[in-house]
Amino acid sequence: MTHAPLLKCLVLICIGMFAFAFALVPLYDVFCDVTGLNGKPSLEQAEQSTQIVQNREVGVSFTTHAQSGAPFEVKSKEYSVVVKPGAMREVMFSAKNNSNLDKVMQAVPSVSPGKAAKYLHKIACFCFDQQPLKAGEELEFKLLFYVDIALPSDIEELTLSYTVFDISEQLVASNN
C-alpha cells in the first residue's frame with residue numbers, strides 16, 4: 001500500500017499554511033486600511049490645519065500605560081480636552097524613569113474608536129522619537145495636535161492612548 005497521495009496532500013497543506021501565515025501581516029494591514037479599523041494613527045508629522053469648524057466640539061481623552069516591566073511613569077497633565085475640529089491644541093505629558101539606570105523609552109500611540117485614527121493629526125509628539133531618560137530623570141513632552149474637520153459627525157469623543165516601551169536593550173543589541 002502506497003502513502004504517496006497522502007504525503008503529497010500533507011506537504012501541500014503545510015506549504016499552504018506557511019504561505020497563509022506569511023501573508024497575514026500584509027493582509028491585515030490592507031484590511032485595516034480599507035475598513036478604517038485598528039486605531040493605528042500615523043507616526044508622520046502632520047501639516048498644520050488651515051480651517052476650524054466653530055460650531056462643533058469633540059472630546060479627546062488621553063491614557064498611558066507602560067509595557068510590563070518598563071520602569072517609566074508617563075501621564076498627561078490633562079485627562080481630557082474639548083477641541084474644535086481643525087483647531088490646534090497643546091497637551092503636556094510628563095515622563096519619569098523610575099529605575100536607577102539610564103533608559104530609552106518609545107511611546108506607541110493608538111486611537112479609539114479605530115476609525116477615528118486617520119482624523120487625529122499630530123504636529124509635535126514625543127512618540128515620533130526615542131526618548132532617552134537618565135536614571136530617576138523626569139521630563140516634560142509636548143503633544144501638539146488637531147482633529148481633522150472631516151471627522152465623521154457620529155464621532156463625538158475619541159481616546160488617544162500611549163503604550164510606553166523600554167527599548168534600551170534593543171538599542172544596545174543593535175549597536176553591537
Side-chain angles (χ1 to χ4, degrees), residues 22-68 70-97 103-133 137-168 170-171:
F22 189 75
L24 270 179
V25 172
L27 287 173
Y28 179 75
D29 287 341
V30 169
F31 174 78
C32 291
D33 287 343
V34 169
T35 63
L37 298 175
N38 176 336
K40 288 195 313 191
S42 170
L43 291 178
E44 302 288 321
Q45 182 178 2
E47 296 292 322
Q48 193 161 344
S49 175
T50 58
Q51 295 178 295
I52 298 174
V53 177
Q54 296 294 340
N55 61 349
R56 182 175 179 202
E57 293 184 335
V58 177
V60 181
S61 301
F62 306 98
T63 64
T64 58
H65 66 280
Q67 161 203 25
S68 179
F72 304 112
E73 181 181 329
V74 179
K75 57 188 171 195
S76 63
K77 300 289 183 178
E78 301 174 80
Y79 172 73
S80 64
V81 295
V82 175
V83 298
K84 294 185 182 302
M88 300 298 293
R89 183 61 193 251
E90 180 179 291
V91 175
M92 297 303 293
F93 283 76
S94 65
K96 183 175 183 185
N97 177 358
K103 296 286 184 176
V104 180
M105 159 184 109
Q106 178 70 57
V108 177
S110 66
V111 176
S112 63
K115 70 180 187 176
K118 65 182 178 182
Y119 301 102
L120 182 77
H121 303 294
K122 297 178 292 306
I123 304 296
C125 182
F126 58 98
C127 64
F128 291 158
D129 300 304
Q130 300 167 348
Q131 304 296 337
L133 286 103
E137 182 177 28
E138 184 170 358
L139 295 175
E140 287 200 347
F141 298 104
K142 174 173 57 174
L143 167 66
L144 184 59
F145 75 97
Y146 69 94
V147 174
D148 198 300
I149 62 171
L151 179 73
S153 60
D154 63 324
I155 301 175
E156 298 175 4
E157 296 181 0
L158 54 100
T159 301
L160 175 57
S161 177
Y162 289 101
T163 302
V164 180
F165 295 90
D166 178 1
I167 61 167
S168 309
Q170 290 90 333
L171 291 177

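To the nearest 0.5 Å, atom SG of residue Cys127 and atom CZ of residue Phe141 are 11.0 Å apart. Here Gln51 contributes atom CD and Ile149 contributes atom CD1; the two are 4.0 Å apart, rounded to the nearest 0.5 Å. To the nearest 0.5 Å, the span separating CE on Met92 from CG on Leu143 amounts to 9.5 Å. How far OG of Ser168 is from CG of Asn97: 7.5 Å, rounded to the nearest 0.5 Å.
Below 30°, between 30° and 60°, or above 60°: for His121 and Tyr146 the angle between ring planes is between 30° and 60°, a tilted geometry. Ring geometry for Phe126 versus Tyr162: interplanar angle of 30 to 60°, hence tilted.
At a threshold of 4.5 Å between non-hydrogen side-chain atoms, the residues Met105 and Leu133 count as touching. Within the 4.5 Å cutoff, no side-chain heavy atoms of Val91 are placed close to those of Leu160. Side-chain contact between Ile155 and Lys115 is present, with heavy atoms from C-beta onward closer than 4.5 Å. Put simply, the side chain of Ser61 does not reach to within 4.5 Å of the side chain of Glu157, judged on heavy atoms.
Residue Glu156 places its CD atom among 12 or fewer non-hydrogen atoms of other residues, nucleotides or ligands, all under 6.0 Å distant.
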Pairs under 3.5 angstrom only: tabulate donor-acceptor contacts from the side chains of residues 71-87 to other protein residues two or more places apart or in another chain.
| residue | atom | partner | partner atom | Å |
| --- | --- | --- | --- | --- |
| Glu73 | OE2 | Lys75 | NZ | 3.4 |
| Ser76 | OG | Glu78 | O | 2.6 |
| Lys77 | NZ | Glu140 | OE2 | 3.0 |
| Glu78 | OE1 | Arg89 | NH2 | 3.1 |
| Lys84 | NZ | Gln54 | O | 3.0 |

Check against side chain to side chain contact (heavy atoms under 4.5 Å, CB included), Leu158 and Tyr119: CA-CA 10 Å; Leu158 54 100; Tyr119 301 102; over 6 Å; no
Worked verdict on Leu139 versus Gln131 for side chain to side chain contact (heavy atoms under 4.5 Å, CB included): CA-CA 10 Å; Leu139 295 175; Gln131 304 296 337; 5.8 Å; no
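Under the side chain to side chain donor-acceptor pair (under 3.5 Å) criterion, Thr163 pairs with His65, not counting sequence neighbours.
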